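Quick note on labels: first sequence line is chain A, next is B, and so on, each numbered from 1. Because the structure is predicted, anything quoted here is derived from the model rather than measured.
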Amino acid sequence: MASRARALRQWAAGRYGADPLHLLALLACFTLAGYAASRVVVAGIWVGFVVWFVGAAIIHDLVLYPLYAVADIAVRWRPWRRVRPSAALSHPPPWINYLRVPLALSALLLLVWFPLILRLSQDGYRRSVALDTTPYLGRWLLVTGLLFAGSALAYAVRLRRRAQPERKGSAARPDGPPGPGQG
Amino acid sequence: MPDQPGEEQGREGGESVWRRGGAWLGSHPPPGPFRPDFWRSPLRGSWLTSVFGLVLLVGIPIIAITGLLSYAAYNPWLPGNDTTPERGLLGFYFFDWPTWPAWLYRVTQGAHVILGLTLIPVLLAKLWSVIPKLFTWPPTRSLAMAVERASLLLLVGGAVFEFVTGVLNIQLFYTVFPFSFYPAHLYGAWIFIAAFAVHVALKLPRMVSALRSRSLRRELRTGLDGTRPEPPDPDGLVATRPAEPSLSRRGLLGFVGGGSLLIFGLSVGQTLDGPLRRTALLAPHGRMYGLGPNDFQVNKSASAMGVDPMSTGPGWRLELAGTDLRLSRAELLALPQYTYALPIACVEGWSTQQTWTGPRLADLARLAGAVPGRVEAYVESLERGGAFSEASLSARQVADHRSLLALRVNGADLSLDHGYPARIIVPNAPGVHNTKWVRRLTFRPPSG
């Protein structure tokens with residue numbers, strides 16, 4: 001019995017490429033997903049559903065990701081960039097994350113709330129809430145302004161700390177507010 | 001990641017041509033993202049991916065369970081309440097939704113929506129961290145890998161589909177949907193849950209070992225100067241030609257966490273009352289209407305629902321079906337009045353607690369000759385064409401002593417937008433079942 005199980009595993013490893021349990025788990029997944037998909041068909045909404053589902057799978061990887069990756073490269077691109085300074089203290093500390101972070105957070109808020117900010121859902125919103133979506137653009141701009149102001153303040157504080165001579169800063173070098181990473 | 005297929009022996013010539021061709025293709029990826037050295041981030045690696053994965057592993061099940069609970073909260077087994085009648089076996093978990101505690105739905109649905117919003121940056125970070133895998137070359141090395149990648153299509157498609165439909169729905173951006181939200185979000189959720197469960201089952205051991213490979217505490221003490229790429233990993237996430245880091249690992253974690261905190265802080269106010277509600281600057285239902293007794297969140301205006309002010313005037317009567325009783329508002333006000341502070345909690349995640357006054361539904365049932373606890377109620381509204389212009393309340397909901405036909409709120413008459421002349425308030429019921437502008441109540445024996 002044990003040897004037969006081992007033989008099955010070897011056969012699966014050779015022919016299938018993984019443990020039989022791997023296949024079993026995935027078959028269970030496709031069974032449940034397939035059943036849910038059959039409900040979509042019965043509900044009569046499968047065309048729009050499939051378009052949106054497949055669209056969702058590719059919109060991040062092939063649209064949103066390239067967009068922000070290119071934006072990040074653009075932010076970091078400095079054609080006039082000089083050779084990396086050897087004596088860091090004599091040069092301003094890197095500012096890139098002080099730009100990236102507020103920019104990315106502002107873009108994140110826009111990504112989530114664009115129907116309100118750009119007043120695209122005005123009709124549905126007014127019917128439901130009995131108010132206008134007008135304030136959202138101003139609110140988003142306000143938050144964006146605060147993010148940039150906070151970031152500028154943080155950078156100014158850091159510049160000032162650097163300017164104070166001989167603070168033995170190398171060990172305590174802060175890396176500033178975080179940024180979105182590179183693409 | 002699945003292993004390479006085992007050694008195969010004794011193949012014929014034609015197949016070996018295929019195999020040789022496949023081997024050549026496998027070692028010659030097309031240019032661009034299919035080449036490993038295209039991916040330069042020095043931060044990508046199994047540890048980082050696993051940190052994001054761990055957060056989602058905690059968060060996604062909470063969102064899934066609260067979402068399924070929300071469906072159960074509609075008591076879809078009652079006539080007229082089911083928005084997805086074709087659900088089949090996917091309705092296996094329904095139960096009689098309780099009326100106690102009154103704040104339960106407020107908490108579960110608030111958590112569903114606010115946690116979903118909060119996890120958006122984590123989801124984006126997780127997708128960012130694994131994106132080189134999308135371009136793995138060759139696309140598949142074994143049947144196992146092909147099948148697993150197919151499940152990843154369901155995983156990524158399901159995740160983005162659920163988040164996008166949810167986010168658009170709470171902003172009332174219905175016009176873009178080519179489907180009704182309820183069935184799409186529910187069946188999409190089951191597809192996502194299926195793919196999520198199998199992904200967790202397959203990757204959990206890897207996540208645990210990757211998390212053990214580095215100390216979170218040490219990462220949080222490591223600045224940019226000390227940031228080095230993770231050692232090469234079997235998952236192929238670590239860049240083969242990493243760029244100079246411009247951000248530390250703790251910086252990236254702080255950024256993602258900061259994004260989550262920002263979204264959370266600007267939206268959680270729509271689930272709160274009092275001064276904190278004003279913090280909901282970027283949330284659809286955290287608006288201020290004024291300071292009066294009726295100045296709280298509206299979510300279906302009378303004019304949009306086609307409620308004619310004429311029909312709510314002095315001529316309005318509450319019809320108790322099965323009897324000759326047609327009660328005017330004055331007659332309803334002459335019944336024993338009860339006052340309770342109860343929340344309205346919407347499927348869209350917002351909620352607010354107000355103080356409602358009116359006769360008990362149980363008293364109205366008695367008036368109609370029924371015994372509370374043994375009858376359900378079918379509620380019909382004056383509104384025209386709305387999805388929830390009619391709703392059923394369970395026997396338990398009718399019998400609860402806090403279930404009211406509210407006539408007044410916070411000491412004043414209801415405003416038209418809040419359901420004047422009369423509306424239902426049932427503890428712990430989803431907002432849409434607190435029917436406004438009630439015109440007829442039918443008390444009848446339980447349907448099953």
Please work out whether the ring planes of A/Y65 and B/W39 are parallel, tilted or perpendicular, with thresholds of 30° and 60°.
->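 Ring orientation, 0 to 90° scale: tilted.
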Does the pair A/Y125 and B/R287 meet the rule for a side chain to side chain donor-acceptor pair (under 3.5 Å), with working shown?
-> CA-CA 12 Å; A/Y125 191 85; B/R287 300 289 292 275; 3.0 Å; yes
Between [options], which residue shows the highest count of heavy-atom pairs closer than 4.5 Å to chain A?
options                        : result
B/S267, B/G258, B/P85, B/G88   : B/G88
B/I191, B/I193, B/L154, B/L134 : B/I191
B/L202, B/D417, B/I170         : B/L202

Report the residues that fulfil salt bridge (charged side-chain N to carboxylate O under 4.0 Å, His left out) with B/R278, sequence neighbours left out, ordered by chain and then residue number.
->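 With neighbours one apart ignored, the set is empty.
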Mark yes when over 12 heavy atoms from residues, nucleotides or ligands other than A/D123 sit less than 6.0 Å from its CG; otherwise mark no.
->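 Counting other residues, nucleotides and ligands, CG of A/D123 stays at 12 neighbours or fewer.
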For residues 34-42 of chain A, please give each side-chain donor-acceptor pair under 3.5 Å, one per line with the distance, not counting sequence neighbours.
residue, atom, partner, partner atom, Å
A/Y35, OH, B/L89, N, 2.8
A/S38, OG, A/Y35, O, 2.5
A/R39, NH1, B/E86, O, 3.0

Please confirm whether [X] and [Y] have ring centers closer than 6.0 angstrom.
X      : Y      : result
A/W46  : B/F179 : no
B/W128 : A/Y68  : no
A/F49  : B/F161 : yes

Of the backbone (N, CA, C, O) and the side chain (C-beta and beyond), which part of [X] lies under 4.5 Å from a heavy atom of chain B, both, or neither?
X      : value
A/F30  : side chain
A/L27  : neither
A/L147 : side chain
A/L26  : both
A/L109 : side chain
A/L24  : neither

Do [X] and [Y] have side chains that get closer than 4.5 Å, going by heavy atoms?
X      : Y      : answer
B/L172 : A/R126 : no
A/L105 : B/L262 : yes
A/W52  : B/V160 : no
A/L64  : B/L124 : yes
B/V147 : A/Y16  : yes

Is B/S301 reaching over with its side chain to a backbone N or O of A/S128, donor-acceptor style, under 3.5 angstrom?
->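 Absent.
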Could you tell me whether a side-chain N or O of B/Q171 sits under 3.5 Å from a main-chain N or O of A/V112, the two making a donor and an acceptor?
->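 The answer is yes, because a donor-acceptor pair under 3.5 Å joins these two groups.
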Tell me, side chain or backbone of [X] under 4.5 Å from chain A's heavy atoms, or both, or neither?
X      : answer
B/F192 : neither
B/A184 : both
B/Y182 : neither
B/L186 : neither
B/P33  : neither
B/E162 : neither
B/V167 : side chain
B/I120 : side chain

Identify the two heavy atoms, one from [X] and one from [Y], that lie closest to each other, and give their separation to 0.1 Å.
X      : Y      : result
A/A56  : B/G157 : CB-O, 3.7 Å
B/L281 : A/Y136 : O-CE2, 3.5 Å
A/A33  : B/A194 : N-CB, 4.0 Å

Verdict with supporting geometry, A/R100 and B/S246, side chain to side chain donor-acceptor pair (under 3.5 Å) | CA-CA 11 Å; A/R100 262 177 174 174; B/S246 61; 3.1 Å; yes
